[in-house]
Colleague: 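Before anything else, here's the structure in question.
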Amino acid sequence: MTSIDSNKHKKAKALKPTSRRPAKELCSECGLCDTYYIHYVKEACAFINQQIGELETQTHNRPRNLEDENEVYFGVHQDMMAARKQEPIEGAQWTGIVSSIAIEMLNRGLVEGVVCVQNTKEDRFQPMPIIARTPEEILAARVNKPTLSPNLSVLEQIEKSGMKRLLVIGVGCQIQALRAVEKQLGLEKLYVLGTPCVDNVTRAGLQKFLDTTSRSPDTVVSYEFMQDFRVHFKHEDGSTETVPFFGLKTNQLKDVFAPSCMSCFDYVNSLADLVVGYMGAPFRWQWIVVRNDTGKEMLDLVQDQLDTQPVMSQGNRKEAVQQSIPAYDKGVTLPMWAAKLMGVVIERIGPKGLEYARFSIDSHFTRNYLYVKRNHPEKLEAHVPEFAKRIVGQYKLPD
Ligand code: FAD
Ligand code: SF4
């Protein structure tokens, strides 16, 4: 169990933006090292000291049940469902459940501030983490910034502001580091609202992805890898462009994902109280995982704004995952007509609901396991959590 309990951190000095990070090329720019909490980096960094198991017990008061397949895949939870807002928030990534929960928490006085990420004036994809204190500031942070984002860079301001009740919105690597320093923040109550996260990129990497994949890279306002096996790009004029997964230029895109994301096994944000994503839900619905009582309290605030339905699961992912492993490894790219055809077939007969989520987790964990094995073999044993080893162990991997 982590035992961080000193006040020494205040004497530590944040790194300059240009300095190399302690996790070196694996750094996901979570923001911790931009603050005096860098003092704890060797214990707290998700890429230096993977400790999901210990932190799960600390956060949810029990370990993940490795005898239960749903917990192996989706982490400690007490409930899961599909949901969507009856009145979606215009311009949100999906229907805006994340922003709505944050706004309710602020309006009802449960928290004094919300850590979230807006974008800079000059660039809609350049992340700008803030502590929001008004609903307008939360709304201005809606929609994904599909780039590595230093959300924890505002942590020093929290301790200095004297704030006692806080909501943090973030992805897995940010939340792991946050949980490791949670007790040092001087808070009475910390709420954590997470999203799943995978295949993130630097700002330069994002440009390469847009340039190689979209017909009009400059007008993309957001995109998502959807449950119908297509990337959906939303453009400034309101139009949607779709590109089948199987038509992505894998050979050109192989190096585009950040090394941190190629080494990550916390796709489902195991340490958040409540997780809001989409991949375990039917097409166009969001997917909600309630991990603990705090998460339930947060979800209850917006229940009357949501349509919900139970989670479902359909199909069998295993063969598709096994076949995709060598194809990805060799950088195989299908001609667009074949990719479209394959997209149509797999959408009809392919995995749906929780089975789609398992498909995505299996594909990414096998890829990432190979990446760590080949690039950081000395880290493999300690860095890959037990649940991920079990998932990867179902497949035959190349050397
Ligand atoms: P909104 O109301 O639009 O709010 C979005 C919130 O996300 C904002 O509060 C903002 O502060 C925060 N945010 C935006 N960008 C970042 C960032 N880079 N880092 C941290 N916080 C950020 N879900 C899946 O089920 N499967 C996936 O594979 C998946 N991949 C994702 C990859 C990335 C890089 C991100 C950021 C999210 C991903 N998600 C994934 C989550 C999903 O895309 C939606 O964010 C989620 O369903 C919430 O939608 P919403 O409409 O409720 O959010
Ligand atoms: Fe520091 Fe975060 Fe990078 Fe780790 S991932 S080195 S904690 S900024």
Side-chain angles (χ1 to χ4, degrees), residues 14-15 17 19-35 37-38 40-49 74 83-85 88-103 114-119 125-130 132 137-153 167-178 180-181 193-201 206 222-227 257-258 260-261 263-264 267-269 275-281 285-289 302 356-357 360-361 363-364:
L15 287 181
S19 305
R20 194 157 162 80
R21 276 21 199 173
K24 304 190 181 103
E25 75 276 16
L26 290 185
C27 173
S28 70
E29 297 170 26
C30 78
L32 189 85
C33 295
D34 302 326
T35 71
Y37 294 101
I38 187 179
Y40 303 114
V41 66
K42 284 197 183 133
E43 281 163 85
C45 175
F47 302 96
I48 297 176
N49 181 34
F74 310 126
R84 61 183 179 201
K85 282 208 69 196
I89 294 182
E90 176 80 28
Q93 182 70 15
W94 282 75
T95 67
I97 295 178
V98 167
S99 300
S100 303
I101 292 173
I103 289 170
V114 177
V115 174
C116 51
V117 50
Q118 298 179 347
N119 56 281
F125 292 128
Q126 187 68 48
M128 189 175 75
I130 58 149
E137 287 171 335
I138 294 171
L139 271 182
R142 73 194 184 283
V143 80
N144 290 358
K145 271 42 87 179
T147 44
L148 301 178
S149 172
N151 282 25
L152 300 187
S153 60
L167 169 66
V168 176
I169 300 172
V171 298
C173 54
Q174 299 157 0
I175 302 308
Q176 268 189 68
L178 175 74
V181 301
L193 177 47
T195 66
C197 182
V198 80
D199 289 352
N200 214 342
V201 289
L206 174 65
S222 67
Y223 68 85
E224 192 75 89
F225 287 71
M226 292 259 209
Q227 301 102 318
F257 303 125
S260 53
C261 307
S263 331
C264 171
Y267 194 168
V268 297
N269 212 324
V275 179
V276 180
Y278 65 90
M279 65 182 176
W285 286 71
Q286 292 188 259
W287 173 55
I288 298 191
V289 185
V302 298
Y356 175 87
S360 194
I361 291 171
S363 310
H364 287 95

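Remember, it's a predicted structure, so these values are computed and weren't measured experimentally. Hydrogens, waters and symmetry mates are skipped; everything else that's a heavy atom, side chains included, is used. Atoms within a ligand are numbered from 1 in the order they appear, just like the ligands themselves. Numbers here are sequence positions counted from 1.
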Colleague: Output the distance between atom CG (N119) and atom CZ (R142), rounded to the nearest 0.5 Å.
Modeller: 10.0 Å
Colleague: Would you give the length of the straight line joining atom CZ of R21 to atom CD1 of I48, rounded to the nearest 0.5 angstrom?
Modeller: 11.5 Å
Colleague: List for me each residue that meets ring-ring contact (aromatic ring centres under 6.0 Å, His included) alongside F47, sequence neighbours excluded, and say none if there are none.
Modeller: none
Colleague: Tell me the closest heavy-atom pair linking V275 and V268, and the distance in Å.
Modeller: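 Of all heavy-atom pairs spanning V275 and V268, the closest is CG2-O, 3.6 Å.
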Colleague: So, S100 side chain and G96 main chain: donor-acceptor pair closer than 3.5 Å or not?
Modeller: yes
Colleague: Please name the pair of heavy atoms, one in Q174 and one in L152, separated by the smallest distance, quoted to 0.1 Å.
Modeller: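 Minimum heavy-atom separation between Q174 and L152: O-CD1, 3.4 Å.
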Colleague: Around ligand 1, what residues show up once you keep those with a heavy atom under 4.0 Å from it?
Modeller: A92, Q93, W94, T95, G96, I97, V98, S99, C116, V117, A141, R142, V143, N144, K145, T147, S149, N151, I169, V171, Q174, T195, P196, C197, V198, N200, E224, Y267, V276, G277, Y278, M279, Q286
Colleague: In total, how many protein N/O/S atoms does one find closer than 2.8 Å to atom 4 (Fe) of ligand 2?
Modeller: 1
Colleague: Do Q227 and W285 have a side chain donor and acceptor closer than 3.5 Å?
Modeller: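 No, no side-chain donor-acceptor contact under 3.5 Å.
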Colleague: The test is ring-ring contact (aromatic ring centres under 6.0 Å, His included); show your working for W287 and Y278 and say whether it passes.
Modeller: CA-CA 4 Å; W287 173 55; Y278 65 90; 8.7 Å; no
Colleague: Return the set of residues passing side-chain hydrogen bond (donor to acceptor under 3.5 Å, both in side chains) with Q286 (not counting sequence neighbours), or none when no residue passes.
Modeller: T95
